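Written below as structure tokens is the structure these notes are about.
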Amino acid sequence: MTIGTFGKIGASLLLAAAMAGCSSWDNMSHRQKAAVTGAGLGGVAGAVITNGGILGTVGGAAIGGVIGDQVGKNR
């Protein structure tokens, strides 16, 4: 397996973990929902930008989660 394959698997696992977190979606506040959505989108964007790099995927998820949290705070 190549590094790219591991990155794609990592991105898939991150997305699956984000979706598993959505199982309690009804009990979440708007801010929490925005953070989860931001983390999922950020992880995918980081994976695309770095061609499946693990650090890019995790970094994108972290940054996306923070941005989503801040955007959700204003609502």
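Remember, it's a predicted structure, so these values are computed and weren't measured experimentally.
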Inter-residue atom distance Ile67.CD1 - Thr37.OG1, 0.5 Å rounding = 13.5 Å

query = Closest approach of Gly68 and Ala34, non-hydrogen atoms and distance?
reply = O-CB, 3.1 Å

ask   = Can you tell me how far the CD1 atom of Ile9 sits from the CD1 atom of Ile54, to the nearest 0.5 Å?
value = 9.0 Å

query = Do His30 and Lys73 pass the side-chain contact (heavy atoms from CB on, under 4.5 Å) test, and can you show the C-alpha distance, the side-chain angles, and the key distance before you say yes or no?
reply = CA-CA 8 Å; His30 179 73; Lys73 175 173 70 172; over 6 Å; no

ask   = For the side chain of Gln32 and the backbone of Ser29, is there at least one donor-acceptor N/O pair under 3.5 Å apart?
value = yes

inquiry  = With a 4.5 Å cut-off on side-chain heavy-atom distances among I, L, V, M, F, W and Y, is there a chain of contacts connecting Ile63 to Val71?
reply    = yes

inquiry  = Looking at every non-hydrogen atom in both residues, tell me the closest pair between Thr57 and Ala47 and how far apart they are.
reply    = OG1-CB, 3.3 Å

